[in-house]
Amino acid sequence: MVTPKVMGKKANHYRLTMEEVILKDPNEPLKDPITLEFDNHDDIFKIMDIVKQKQLFESESQAQEFALGLKLFGEVMLKNRNHPIFESFYPAFSAFMKTLKSQ
């Protein structure tokens, strides 16, 4: 297997499968699961554990959702930091990450 690279560095490669289990509208048919593969420069499982240990949220599940969402969003933003959509948000995100890491 080829080692994936992100921004010139070695990266972790992940496969994520998501499926609908129950919809709020019971008349809506469930969609087929989706699977996506992506690279991230961080060990996402380690980040999830760190966030859970900090007990920032009501439950471990919320900590995992937060960590996963943050790492997925953050990596896309880093790869596209010059895109106009991130122009005003990037400085705030950097400040947010510094605050989070100091918790």
Side-chain angles (χ1 to χ4, degrees):
M1 178 176 183
V2 176
T3 303
K5 293 188 177 197
V6 170
M7 296 179 270
K9 298 179 183 176
K10 290 183 181 178
N12 299 301
H13 189 77
Y14 297 94
R15 179 178 302 122
L16 177 67
T17 301
M18 185 173 74
E19 63 181 296
E20 294 177 331
V21 179
I22 299 171
L23 298 176
K24 63 182 178 183
D25 181 352
N27 297 317
E28 283 289 318
L30 296 176
K31 295 173 190 68
D32 292 334
I34 62 166
T35 299
L36 63 118
E37 293 192 22
F38 59 95
D39 295 332
N40 197 287
H41 68 277
D42 286 321
D43 179 337
I44 295 176
F45 286 96
K46 184 177 178 181
I47 302 270
M48 285 180 175
D49 288 340
I50 290 168
V51 173
K52 283 192 298 187
Q53 290 170 6
K54 290 180 184 241
Q55 298 181 332
L56 300 172
F57 304 100
E58 290 182 11
S59 68
E60 286 188 1
S61 177
Q62 286 182 4
Q64 290 173 315
E65 290 173 51
F66 172 78
L68 179 60
L70 185 65
K71 293 311 303 172
L72 289 172
F73 176 78
E75 194 74 15
V76 170
M77 188 172 57
L78 283 172
K79 291 175 183 175
N80 297 278
R81 70 173 59 117
N82 294 325
H83 193 288
I85 197 169
F86 297 122
E87 188 175 309
S88 64
F89 186 71
Y90 190 74
F93 184 79
S94 296
F96 171 78
M97 290 302 294
K98 288 178 187 172
T99 301
L100 177 62
K101 290 178 181 181
S102 71
Q103 295 290 309

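Atoms considered below: every heavy atom in the structure, side chains included; atoms not considered: hydrogens, waters and symmetry mates.
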Using a 3.5 Å distance criterion without hydrogens, assess whether the side chain of Y14 forms a donor-acceptor pair with backbone atoms of I44.
yes
Using the rule that Ile, Leu, Val, Met, Phe, Trp and Tyr join whenever any side-chain heavy atoms are under 4.5 Å apart, tell me whether F73 and L78 fall into a single cluster.
yes
Does a sphere of radius 6.0 Å around CD in E20 hold more than 12 heavy atoms from other residues, nucleotides or ligands, not counting ones at 6.0 Å or beyond?
yes
Return the CE to CD distance between M48 and Q53, rounded to the nearest 0.5 Å.
13.5 Å
To the nearest 0.5 Å, what is the distance between NZ on K52 and OG on S59?
10.5 Å
Show your reasoning for whether side chain to side chain contact (heavy atoms under 4.5 Å, CB included) applies to I47 and D43.
CA-CA 6 Å; I47 302 270; D43 179 337; 5.7 Å; no
Distance from Q55 atom CD to E60 atom CD, nearest 0.5 Å?
8.5 Å
T99 versus Q103, side-chain donor and acceptor atoms under 3.5 Å
no
Angle between ring planes, F96 versus F66, binned at 30° and 60°: parallel, tilted or perpendicular?
perpendicular
Taking the side chain as every heavy atom from C-beta outward, state whether M97 and L70 have any pair of such atoms under 4.5 Å apart.
yes
Just verifying a value: how many Å separate E37 CD and H13 NE2, rounded to the nearest 0.5 Å?
3.5 Å
Nearest-0.5 Å distance, CZ of residue F38 to NZ of residue K79
9.0 Å
Does the side chain to side chain contact (heavy atoms under 4.5 Å, CB included) test come out yes or no for L30 and L23, once each step is laid out?
CA-CA 7 Å; L30 296 176; L23 298 176; 3.7 Å; yes
Are R81 and Y90 close enough, and set up right, to give a side chain to side chain contact (heavy atoms under 4.5 Å, CB included), and what steps lead you there?
CA-CA 7 Å; R81 70 173 59 117; Y90 190 74; 3.9 Å; yes
Taking only residues two or more places apart in sequence or in another chain, which ones pass salt bridge (Lys or Arg N to Asp or Glu O under 4.0 Å) with E28?
none
Report, as yes or no, whether the 6.0 Å neighbourhood of atom CZ on F45 holds more than 12 heavy atoms from other residues, nucleotides or ligands.
no
Under the side chain to side chain donor-acceptor pair (under 3.5 Å) rule, collect the residues that match up with E19, sequence neighbours excluded.
none
Could you check whether any side-chain N or O of D39 sits under 3.5 Å from a backbone N or O of A11, counting only pairs where one atom can act as donor and the other as acceptor?
no
Any chance you could measure L16, atom CG, to L68, atom CG, to the nearest 0.5 Å?
6.0 Å
Any salt bridge between K46 and D49, counting N to O under 4.0 Å?
no
Can you list every pair that meets salt bridge (Lys or Arg N to Asp or Glu O under 4.0 Å) and has a residue in residues 86-103, with sequence neighbours left out?
none
Evaluate whether atom CD1 of I34 has more than 12 neighbouring non-hydrogen atoms of other residues, nucleotides or ligands under 6.0 angstrom away.
yes
Evaluate side chain to side chain contact (heavy atoms under 4.5 Å, CB included) for H41 paired with K71, printing each intermediate quantity in order.
CA-CA 9 Å; H41 68 277; K71 293 311 303 172; 4.1 Å; yes
Show the nearest heavy-atom pair for residues F86 and V76, with the distance to one decimal.
CE1-O, 4.4 Å
Just say parallel, tilted or perpendicular for the rings of F89 and F93, cut-offs at 30° and 60°.
tilted
